Amino acid sequence: LPPVVAFPQRVRELAAPTDAPVLRVLGPVDIDNVAPVDEVHRPRLTELAAFVQLHPAADASAIDDAMWPNRSRHDHSSVRDSSLAALGGWLVEETDAPAGLAAARGLTSDWDLWRALLPGDVTQASTEHLEQALGMVRGRPFVGAELRHYTWATPLRATMVHDITLAAAELARRRLMEGAWSAAYDATVVGLTVEPSVEALWRMQLLAGHELGDRDLVETARAGLDDLASRLGDPLEQRTQQLIADVDALDAPTRTHVG
């Protein structure tokens, strides 16, 4: 899948390699730039590669617990080694378990690239880094995975969602302050694609749509806020209610209520 929003890529040294294998987890999980493999085996091999890449210190027992949590036998070494050997054959054309383990650990992931671009407080990050990081997001992390798989990813997914929404809100805030309404709207789209329960992002999307003079975008944001209030069973924040009232009342754009 393409990114939710294709922001300009300005930081080449932190961009995804164009020819080396890259693990994608900020959206549907897959590995780019690899040889074809039997589609029957690709999902599980991809999950194995993802777990090992994201947990490079994991030992054999941890791999077994993640990949085969309901196994009936304590000793699962033959199945694990066979799977790692198949992974090695796919990634580096070496069909043995150590090669598969090393190949998975050596992958670059979009999450690695994200953390290199935004290693700390997003309010201290450059706008270019915020854009490039958000430009790697293709959907909710690990979206589309079968329910019985990727159970190990639940805590990591929560961290990714949290970080993406924070970055999206920060970029949207900056763009609103600059009067770059379209860029602000795009930032909210990324954040809300990943987590539609962030009221501040809906609020900024409403303001951006209003400033753009696009009634359809305004109505989309209004509908999102209505749905959020319905799902949460709570009234919207006072500042959200005030912004809605202002947007409804004003014909001319307003540059207030940012954030």
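When a residue number appears, it is its place in the shown sequence, counting from 1. Every heavy atom of this structure was used, including side-chain atoms; hydrogens, water molecules and symmetry mates were not. None of these values were measured; they are calculated from a predicted model.
A distance of 10.0 Å separates CZ in Arg24 from OG1 in Thr108, rounded to the nearest 0.5 Å. Leu166 contributes atom CG, which lies 10.0 Å from atom OG1 of Thr123 (distance to the nearest 0.5 angstrom). If you take CG on Leu48 and CE on Met67, they are separated by 5.0 Å, rounding to the nearest 0.5 Å. Taking CE of Met160 as the reference point, atom CH2 of Trp114 lies at 10.0 Å (rounded to 0.5 Å). The structure places CG of Leu84 at 9.5 Å from CG of Leu45, a figure rounded to the nearest 0.5 Å. Here Leu225 contributes atom CG and Ser230 contributes atom OG; the two are 12.5 Å apart, rounded to the nearest 0.5 Å.
Hydrophobic cluster membership is shared by Ile31 and Leu156, with clusters built from Ile, Leu, Val, Met, Phe, Trp and Tyr side chains linked at under 4.5 angstrom. Under the 4.5 Å side-chain heavy-atom criterion for grouping Ile, Leu, Val, Met, Phe, Trp and Tyr, Met136 is not connected to Val143 through any hydrophobic cluster.
Annotation: salt bridge (Lys or Arg N to Asp or Glu O under 4.0 Å) contacts of Glu47 (sequence neighbours excluded): Arg44. By the side chain to side chain contact (heavy atoms under 4.5 Å, CB included) test, Asp59 pairs with Ser61, Ala62, sequence neighbours left out. In this structure Glu93 satisfies the salt bridge (Lys or Arg N to Asp or Glu O under 4.0 Å) test with no other residue, sequence neighbours excluded. For Asp216, there are no side chain to side chain donor-acceptor pair (under 3.5 Å) partners two or more places apart in sequence or in a different chain. In this structure, the side chain to side chain contact (heavy atoms under 4.5 Å, CB included) partners of Glu94, at least two apart in sequence or on a different chain, are Val92, Asp96, Ala99. Here Arg138 pairs with nothing under the salt bridge (Lys or Arg N to Asp or Glu O under 4.0 Å) rule; sequence neighbours left out. With sequence neighbours left out, the salt bridge (Lys or Arg N to Asp or Glu O under 4.0 Å) criterion links Asp65 to Arg71. With sequence neighbours left out, the side chain to side chain contact (heavy atoms under 4.5 Å, CB included) criterion links Ala145 to Tyr150. Qualifying side chain to side chain contact (heavy atoms under 4.5 Å, CB included) partners for Glu39, counting only residues two or more places apart in sequence or in other chains: Arg42.
Judged by distance alone, with hydrogens and angles left aside, the side-chain atoms of Gln53 form a donor-acceptor pair with the main-chain N or O of Leu107 at under 3.5 Å. In this structure, His129 contributes its side chain and Leu117 its backbone to a donor-acceptor pair below 3.5 Å.
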Going by atom type alone, with no hydrogens or angles, which donor-acceptor pairs under 3.5 Å involve a side-chain atom of residues 190-201 and a protein atom two or more places apart or on another chain?
| unit_1 | atom_1 | unit_2 | atom_2 | d |
| --- | --- | --- | --- | --- |
| Thr193 | OG1 | Val189 | O | 2.7 |
| Glu195 | OE1 | Arg140 | NH1 | 3.4 |
| Glu195 | OE2 | Ser197 | N | 3.0 |
| Glu195 | OE2 | Ser197 | OG | 3.1 |
| Ser197 | OG | Arg231 | NH1 | 3.0 |
| Glu199 | OE2 | Glu237 | N | 2.7 |
| Glu199 | OE2 | Thr240 | OG1 | 2.6 |

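Between His76 and Trp68, the ring planes lie tilted relative to each other; the angle falls in the 30° to 60° range.
When side chains are defined from C-beta on, Leu207 counts as touching Leu176, because their heavy atoms get closer than 4.5 Å. In this structure, the side chains of Leu134 and Val5 stay at 4.5 Å or more apart for every pair of heavy atoms. Side-chain contact between His210 and Asp246 is absent, with no heavy atoms from C-beta onward closer than 4.5 Å. In this structure, Arg203 and Leu236 have side chains that are not in contact, with every pair of non-hydrogen atoms separated by 4.5 Å or more. The closest side-chain heavy-atom distance from Pro141 to Val25 is not below 4.5 Å. Considering only heavy atoms from C-beta on, Arg215 comes within 4.5 Å of Val218 through its side chain. In this structure the side chain of Ile63 reaches within 4.5 angstrom of the side chain of Leu101, judged on heavy atoms.
Each side chain to side chain donor-acceptor pair (under 3.5 Å) pair with one or both residues in residues 80-89, not counting sequence neighbours, appears once here: Asp64-Arg80. Residue pairs meeting the salt bridge (charged side-chain N to carboxylate O under 4.0 Å, His left out) criterion with at least one partner in residues 99-114, sequence neighbours excluded, are Asp112-Arg115.
For the pair Gly209 and Leu217, the tightest heavy-atom approach, listed with the atom from each and the gap, is CA-CB, 4.0 Å. Listed here is the closest heavy atom pair of Gly135 and Pro3: O-CB, 2.9 Å. Taking both residues in full, the closest heavy atoms of Ala116 and Pro119 are given as O-CD, 3.7 Å, listed atom of the first, atom of the second, then distance. Annotation for Pro235 and Gln241: closest pair CB-NE2, 4.2 Å, computed over non-hydrogen atoms. Between Phe51 and Ala58, the closest heavy-atom pair is CE2-CB, 3.7 Å. The two residues Ala172 and Ala187 come nearest to each other via the heavy atoms N-CB, 3.7 Å.
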*Check against side chain to side chain contact (heavy atoms under 4.5 Å, CB included), Thr46 and Trp90*: CA-CA 10 Å; Thr46 300; Trp90 179 30; 3.6 Å; yes
_Pair Glu131, Arg175 - check salt bridge (charged side-chain N to carboxylate O under 4.0 Å, His left out), show working._
CA-CA 11 Å; Glu131 281 192 340; Arg175 292 313 194 193; 2.8 Å; yes
*Give the intermediate values and the outcome of side chain to side chain contact (heavy atoms under 4.5 Å, CB included) for residues Thr159 and Trp111.*
CA-CA 11 Å; Thr159 296; Trp111 182 235; 4.3 Å; yes
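One finds no salt bridge joining Glu219 and Arg222 here, because no Lys/Arg side-chain nitrogen approaches an Asp/Glu carboxylate oxygen to under 4.0 Å.
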